[in-house]
Amino acid sequence: MNFADSEIVNSILMENGNKPVDNPESADIILVNTCSIRENAEAKIWNRLKFFRSIKKQNRDLTVGVLGCMAERVRERFLEREKLVDLVVGPDAYREIPSLLAEVSSGQKAVNVILSLEETYADITPVRRGGNGVTAFVSIMRGCDNMCSFCVVPFTRGRERSRATTSILDELTMLSDQGYKEVTLLGQNVNSFNDDGVRFAELMYKASLVNPEMRIRFSTSHPKDFPDELLHAINEQKNLCNYIHIPAQSGNNEVLRRMRRPYSREQYLSLLENMREIIPGVTLSTDIITGFCGETEEEHHDTLSLMDTVRFEMAYLFAYSERERTLAHRKFEDDVPQDVKQRRLQEIIDIQRAGALVRNQSDIGRRHLVLVENESKRSADKLSGRTDTNKVVILDRKDFKPGDYVEVVINDATSATLFGEGLRVSSIQEFEPDLVQV
Ligand code: 5AD
Ligand code: SF4
């Protein structure tokens, strides 16, 4: 989300006559887009700001600003106590950046952290700098109304609102014309997308028609309201990717209740079964928080058993980090000791790795259509890309290049990566996938 937001801010800055530079030392303005989701995300920003303060000593005219969720959350501290920044702009106030910069140049500190009920930046075309020119993010909604008890997002990013369908489709058409081959539609909960009655499944269907050779992904879905219609659309349209990120957060019903997640373990598991039935070969990933308030050893074991039952292809695993203003902060005690949180996290990581390894090994010998994204970080002779199912694949470069859809046969796998041999350049419509055992 922040990645996509930074591209909007790039666009606003460049409209305002600013030009990008390649390193912070040669900048007149440095804006840091921040995240408040966990304490360590914020800790990184404080360190970064200290580094920028050292640059400011060399360049007294440098303006340093903080954007995003942390701006909303800790504005006073930024401006008064720490004196590290000149400008603080919340996630719904990016259009004001030029006028706020003007205030700063007249010697004042400038702040706008007002949240909006309508802002979606629909009319601003993001400026995508430094990307690979192959994959792009497109924001389709902002904010969140779910109020999970651990989560600060509804407070920092405000109420849920959807961007107009036409403006989303126009952006997809533009990306397709520019040669992009894959787009990820972004929202805190895309299943709540509602643009005058157009719901997410319909949006995905429409998105799939923009260019049958452009892949469409999405993130994130809440398990409480996942429509079957979307599963059928994914199964039917070849360019809608067979990969679903569906955060469970916990495998225990009591913990889910305390988290204010309105589904049970049983409902979650049957939703996933349904996904695997309707979309043969679909891959699934999840988010888990371990060590939430009051989590007992038995409750933790339910999460381990959920991971073991599902064997997610991928998972984002976190120790619980208490956030001010959330319901959990007001009502519950953050009472799982740090060392216990860490030990439980490690147990979840271990079980996740083991499950993903089994899943990835089942790809050995199979063919996949891989969209090549980059040169591999480890070797210039290799390329890195992704399967439709969102697995990273490393292959020999041969004559392939970023942006190619390559038919690849997989010959090795770890818990995180597949390795394969590129056979030939192909396309989404041409490629016939191997039959998958359900
Ligand atoms: N502590 C730890 N992890 C959190 N997440 C959200 N809030 C917290 C928190 N307070 C995780 C959730 C969410 C992901 C984006 O971040 O798993 O799905
Ligand atoms: Fe946070 Fe829950 Fe909204 Fe996700 S759905 S952003 S976890 S409140």
Side-chain angles (χ1 to χ4, degrees), residues 1-5 34-44 68-70 72-74 91-92 115 137 139-162 184 186-194 200 218-226 244-252 255-263 268 271 284-295 300 303 306-307 312 314-338 340-342 344-345 348-349 352:
M1 243 351 178
N2 272 2
F3 203 90
D5 274 9
T34 62
C35 173
S36 286
I37 195 101
R38 284 169 293 276
E39 200 176 337
N40 54 8
E42 292 197 352
K44 280 189 205 158
C69 289
M70 234 175 131
E72 211 285 328
R73 213 182 78 73
V74 281
D92 287 344
L115 289 173
F137 291 117
S139 172
I140 63 161
M141 54 195 300
R142 300 182 71 81
C144 184
D145 287 349
N146 284 317
M147 297 301 242
C148 302
S149 67
F150 51 81
C151 184
V152 78
V153 167
F155 303 96
T156 58
R157 297 187 78 94
R159 300 304 299 265
E160 194 169 88
R161 64 221 101 120
S162 300
T184 304
L186 293 177
Q188 306 295 343
N189 175 18
V190 292
N191 297 337
S192 316
F193 180 86
N194 191 348
F200 186 60
F218 62 100
S219 191
T220 296
S221 277
H222 195 302
K224 70 174 178 161
D225 55 3
F226 202 104
I244 301 173
H245 181 60
I246 184 92
Q249 312 296 2
S250 167
N252 174 272
V255 176
L256 287 171
R257 201 181 51 77
R258 292 201 291 280
M259 287 178 162
R260 298 288 193 273
R261 302 279 293 183
Y263 53 88
Y268 182 82
L271 173 64
L284 302 170
S285 67
T286 198
D287 290 349
I288 298 285
I289 298 177
T290 185
F292 185 60
C293 309
E295 187 189 67
H300 164 62
T303 298
L306 181 95
M307 306 293 289
F312 293 96
M314 230 176 316
Y316 302 87
L317 309 169
F318 311 105
Y320 172 60
S321 162
E322 185 173 62
R323 310 316 288 141
E324 275 170 21
R325 291 160 81 186
T326 58
L327 187 82
H329 176 249
R330 284 180 277 128
K331 288 256 172 74
F332 306 135
E333 203 182 327
D334 179 13
D335 54 359
V336 177
Q338 201 52 38
V340 176
K341 279 184 190 167
Q342 285 309 321
R344 289 182 188 169
L345 182 61
I348 297 177
I349 292 173
Q352 163 56 26

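Position 1 is the first residue of the sequence, and the numbers go up from there. The structure presented is a predicted model; accordingly, all values stated were derived computationally and were not measured. In each ligand, atom 1 is the first atom listed, and ligand 1 is the first ligand listed.
Between F3 and F137, the ring planes are perpendicular. Angles over 60° get that label, and only those under 30° would be called parallel. Ring geometry, F226 versus F218: the interplanar angle falls from 30° to 60°, so the pair is classed tilted.
Backbone and side-chain nitrogen or oxygen atoms of I289 are examined, and none is located within less than 3.5 angstrom of a nitrogen or oxygen of ligand 1. At a 3.5 angstrom cut-off on N or O pairs, R38 counts as close to ligand 1. Taking any N or O of Q249, backbone or side chain, at least one lies under 3.5 Å from an N or O belonging to ligand 1.
If you take CD on Q188 and SG on C151, they are separated by 7.5 Å, rounding to the nearest 0.5 Å. Taking CE from M70 and OG from S36, the interatomic distance works out to 6.0 Å, rounded to the nearest 0.5 Å. Put simply, CD on E160 and CG on N189 are 6.5 Å apart, with the number rounded to the nearest 0.5 Å. Here the OG-CZ distance, from S250 to F292, works out to 9.5 Å after rounding to the nearest 0.5 Å.
Counting heavy atoms closer than 4.0 Å to ligand 1, residue A319 contributes backbone atoms (N, CA, C, O) but none from C-beta onward.
Not a single heavy atom of A328 sits under 4.0 Å from any atom of ligand 1.
Protein heavy atom closest to atom 13 (C) of ligand 1, with residue, atom name and distance, is D287 OD2, 3.5 Å. The nearest heavy-atom contact from the protein to atom 7 (N) of ligand 1 is F150 CD1, 3.3 Å. In terms of protein heavy-atom proximity, atom 9 (C) of ligand 1 is nearest to S321 O, 3.5 Å.
Both tests pass for R38 against the ring of F318: distance under 6.0 Å to the centre and angle within 45° of the axis.
Sorted by chain and number, the protein atoms of type N, O or S within less than 2.8 Å of atom 2 (Fe) of ligand 2 are C148 SG.
Of the candidates H222, R260, K224, R261, K224 is the only one forming a side chain to side chain donor-acceptor pair (under 3.5 Å) with N146.
The ligand atoms of ligand 1 that sit less than 4.0 angstrom from a heavy atom of F318 are 3 (N), 11 (C), 14 (C), 16 (O), 17 (O).
Note on E295 versus K341: no salt bridge recorded, every NZ/NE/NH1/NH2 to OD/OE distance being 4.0 Å or above. Under 4.0 Å is where a charged nitrogen must lie from a carboxylate oxygen, and between D5 and R142 at least one such pair does.
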